[in-house]
Amino acid sequence: MTVMKTSMRNFFAHKGRMALSAVAVLLSVAFVCGTLVFTDTMSTTFDKLFAATASDVTVSAKGASDTGETQSDNGRPPVMPASVLGEVRKADGVKSAEGTVFSTSVTVVDGDKDSLSPTSGAPTIVGNWNANDARTMKISSGRAPRGPEQIMVDADTVDKHHLKLGDEIGVITAVGTHRAKISGIAEFQVTNPGAAIFYLDTKTAQASLLGEKGVYTNVNVTAASGFSDAQLKKNVTAALDGGYQVQTAKEVADANAKDVGEFMGVMKYAMLGFAGIAFLVGIFLIINTFSMLVAQRTREIGLMRAIGSSRRQVNRSVLVEALLLGVFGSVLGVGAGVGLAIGLMKLMSATGMNLSTDDLTIAWTTPVVGLLLGIVVTVLAAYLPARRAGKVSPMAALRDAGAPADAKSGAVRAVLGLVLTGAGGYGLYLASQADKAGEGSMWLGGGVVLSLIGFVVIGPVLAGAVVRVLGAVVLRIFGPVGRMAERNALRNPRRTGATGAALMIGLALVACLSVVGSSMVASATDQLDKTVGTDFIIQSDSGQLITPQAVQAAKSAKDLTGVTEYKWTKADFTTPDGKTLKDTAITAADPTYATDLRTETVAGNLKDAYTPDSMSVHEKFAKDHDIRLGSTITVAFKDGRAPARLTVRAITSSDVVIDAGAMYTSIDTMAKYIPADRMPLDQLLFASAKDGQETAAYTSLKAALDDYPQYTVRDQTDYKEALKGQIDQLLNMIYGLLALAIIVAVLGVVNTLALSVVERTREIGLMRAIGLSRRQLRRMIRLESVVIALFGALLGLGLGMGWGATAQQLLALEGLKVLDIPWPTITAVFLGSAFVGLFAALVPAFRAGRMNVLNAIATE
């Protein structure tokens with residue numbers, strides 16, 4: 001009980017000094033709990049949607065996926081004859097059955113030819129209005145579509161794009177473009193995660209989506225009273241002649257949930273990884289806080305030891321304080337995490353993915369995980385300071401607070417830090433020398449971890465030398481105030497090292513990712529310059545295949561020498577070594593692609609691969625399967641009539657970035673074995689301009705594709721910018737997540753300075769008494785903060801660039817051979833660190849400047 005009372009008294013006596021550590025715990029726990037609540041809520045939303053929209057039993061056409069998706073290589077969903085509907089209705093236990101048609105391989109545009117598709121990545125769905133949809137959608141205005149000139153739109157899409165009844169919209173599919181006017185608006189009766197849904201009548205849907213009459217993509221079956229879904233599935237399966245996919249409502253929902261769950265899992269663990277980084281940084285803050293508090297209470301602890309307190313009691317007293325801090329910060333963090341999750345839901349809704357707070361899901365495990373994590377991390381971080389407190393002897397009551405650190409422990413730290421840093425450096429060296437990316441990545445991971453720990457351990461040793469150099473460059477120009485700031489930073493190297501290390505971790509990751517991202521862009525740009533011979537690239541940024549009508553429109557553009565089509569599908573390969581490789585990718589293109597993309601060959605001529613019944617393979621594939629020029633590979637194309645026997649006419653280099661691992665054949669060869677109505681649509685188009693007519697051709701191409709807003713025309717400069725934009729977008733998202741760790745590190749600098757000011761209260765009073773002005777005092781503290789921040793930035797940026805350069809060596813094994821150090825970014829981050837230091841010092845400097853001189857001098 002005495003230990004508890006002492007801990008409580010100390011905790012509340014220093015509650016102001018504990019505040020920033022509590023905020024660090026709060027932020028880290030909030031990020032973890034917010035991530036868990038947000039992802040659980042998304043899962044709940046999708047689970048409810050899938051459960052509500054699935055019929056008792058669903059019959060899908062041949063070739064449909066487990067989730068009932070209707071995407072296909074040729075832009076048309078797999079279909080079943082109308083006779084299947086009649087057979088299903090005859091099955092025992094069927095109350096009702098209805099044929100449905102829907103497709104996600106569509107683009108919908110308004111009267112101004114602007115896309116109505118979601119920008120959040122959610123699908124655009126066009127289908128026939130049916131009884132199953134009527135369960136989850138309510139017509140709020142107008143009426144259901146009747147005839148080819150009418151279409152119904154979901155209310156969310158109407159609101160987002162300011163549509164109204166009577167507006168004309170166009171549905172673009174592989175069949176063609178169908179135009180209709182809005183006849184009705186339907187509201188979701190369940191939460192819509194962001195999909196745009198359009199309804200036609202059945203005959204119009206069949207004609208515009210499938211291009212044929214009397215066929216369906218699915219049959220929705222409702223069970224009669226007394227029949228379970230499992231029994232109904234069994235009866236329906238028996239009534240059909242096989243070859244169709246029959247699923248219960250639960251099976252459809254589970255399959256959809258599995259697909260969403262895989263994405264959610266990646267997102268959740270990525271976000272939790274960044275929360276872990278924030279926790280790691282927070283550990284330094286907590287260690288620093290308790291180390292400084294223990295140092296300031298050295299005499300107090302010595303007195304406690306003198307009057308009978310044991311080492312164990314002192315140790316427990318500090319750990320109980322940490323426990324109180326962990327509980328306080330974690331409880332607030334759990335609440336803040338729920339608020340963060342709601343904020344993320346609002347943000348997602350603003351971007352088009354509607355998430356309702358009615359579905360807010362807080363599993364019992366979420367607060368438990370948050371509390372345990374926050375408390376355990378806080379107590380573990382306080383263990384070393386608590387152990388140090390337990391070692392304070394009764395004689396310390398006769399000394400001033402803040403006794404110097406043990407020189408022996410400093411030597412051990414230096415040796416251990418050098419060993420770990422050396423081991424990490426050797427791991428990075430082995431990674432850079434690896435012959436295979438997989439093997440090298442293991443060495444890279446080990447090198448990163450060991451070098452990071454090594455820098456953390458050796459930080460106090462490096463602090464002396466680095467701070468002196470920074471002082472000579474940055475602080476000396478400020479005269480005596482700058483020299484005092486330098487000496488203050490050097491006074492306790494362990495504290496300076498730990499504070500700088502917290503900032504170092506976040507900035508090391510920023511530097512590493514900057515180097516990797518910049519190198520990827522530079523390597524891809526270099527490859528584009530060397531290999532791409534075409535002037536323009538046409539593709540859909542949302543992954544939509546290029547319809548035949550759009551292909552013809554592109555070919556009709558003026559000032560072009562030609563347009564190259566590029567298709568992709570899967571096939572079963574039987575190689576000369578007798579192996580059969582299922583679902584192997586094969587690319588079909590026009591012969592002009594050999595000049596559009598100057599792919600290096602190690603044997604043969606790539607142009608020969610586009611001759612009848614010929615193909616190319618890449619070098620690694622050839623070695624693995626004993627393939628040479630003239631070898632024959634049996635290729636069973638997906639949806640093909642019969643297997644093709646193709647002769648290998650060229651072997652391409654595997655050491656490329658663009659089209660890495662591609663195996664080519666001609667479109668004419670593919671068309672020989674795949675029926676015309678099953679031929680895959682184009683993934684890309686390449687167009688070349690007449691000499692000197694590049695600008696005119698560019699304008700002509702854009703005008704020709706004006707009716708197809710889903711496709712973007714880019715010249716090589718545009719393509720490079722788009723590539724850079726994609727990588728920058730990813731990096732910016734990662735930087736945003738790393739910002740949490742950097743914020744916690746800034747809190748660490750603030751806390752260190754605040755506690756340092758308290759520790760030096762008497763010293764500050766004496767300096768003020770002999771003439772130091774308030775302005776000079778505040779400047780001294782700000783400069784001390786700046787030099788600590790720059791120290792952490794130097795270590796972090798140097799370490800991160802080393803990691804990034806090593807990672808690039810592994811990427812070079814995959815063809816990304818250009819190492820590019822983004823010096824503007826590195827410089828901006830370094831200078832930004834100085835501003836971080838200035839910001840962190842604002843409050844401590846202000847408080848120091850307001851001290852009463854006489855009271856400060858009288859402080860014990």
Side-chain angles (χ1 to χ4, degrees), residues 276-277 279-292 294-295 377 380-388 391 403-432 443-471 486 489-512 741 744-745 748-749 752 787-806 833:
I277 295 170
F279 263 117
L280 180 61
V281 173
I283 286 173
F284 290 98
L285 194 162
I286 296 165
I287 290 174
N288 251 9
T289 299
F290 280 96
S291 294
M292 295 178 74
V294 167
V377 167
L380 288 178
Y383 174 75
L384 288 178
R387 190 167 176 268
R388 197 175 300 130
K391 290 183 177 180
D406 184 6
K408 182 179 178 181
S409 66
V412 171
R413 172 187 286 269
V415 172
L416 179 60
L418 286 171
V419 170
L420 289 170
T421 304
Y426 184 63
L428 295 176
Y429 168 76
L430 292 177
S432 67
W443 289 113
L444 175 63
V448 166
V449 172
L450 289 174
S451 59
L452 176 61
I453 297 174
F455 264 56
V456 169
V457 173
I458 206 173
V461 180
L462 296 175
V466 175
V467 169
R468 284 187 176 88
V469 173
L470 288 172
E486 178 184 342
L490 290 170
R491 175 180 297 182
N492 193 326
R494 178 180 291 176
R495 181 192 307 161
T496 300
T499 306
L503 193 58
M504 174 191 75
I505 295 171
L507 295 185
L509 292 171
V510 168
C512 174
V744 174
V749 178
T752 297
V787 80
I788 291 174
L790 291 179
F791 165 68
L794 271 179
L795 294 189
L797 294 176
L799 191 60
M801 286 191 289
W803 294 348
T806 306
S833 300

How far apart are the closest heavy atoms of Val456 and Ala501, and which atoms are they?
CG2-CB, 4.3 Å
Taken to the nearest 0.5 Å, the spacing of Leu462 CG from Phe791 CZ works out to 6.0 Å
Value for CG (Leu416) from CG (Leu420), rounded to nearest 0.5 Å, stands at 4.5 Å
Just how far is it from atom CG of Leu428 to atom OG of Ser451, taken to the nearest 0.5 Å?
5.0 Å
Compare every heavy atom of Pro493 with every heavy atom of Ala463, then report the nearest pair and how far apart it is.
CB-O, 4.1 Å
side-chain hydrogen bond (donor to acceptor under 3.5 Å, both in side chains) partners of residues 453-462, not counting sequence neighbours, each pair once:
none
No-hydrogen, no-angle side-chain donor-acceptor test under 3.5 Å, Trp443 and Ser432
no
Would you mind reporting whether Ile453 and Val449 have side-chain heavy atoms less than 4.5 Å apart?
yes
As an exercise, state the distance from OG1 of Thr496 to CG of Leu490, rounded to the nearest 0.5 Å.
7.0 Å
Close side-chain approach of Glu486 to Val787, heavy-atom, < 4.5 Å:
no
Measure the shortest side-chain to side-chain distance between Leu797 and Met504 over non-hydrogen atoms and say whether it is less than 4.5 angstrom.
no
Output for pair (Cys512 SG, Leu444 CG), nearest 0.5 Å, gives 7.5 Å
Out of curiosity, Phe279 CZ to Ile286 CD1, how far, rounded to the nearest 0.5 Å?
8.5 Å
Using side chain to side chain contact (heavy atoms under 4.5 Å, CB included) as the criterion, point out the one residue from Thr421, Leu452, Leu794, Val448 that pairs with Leu799.
Leu452
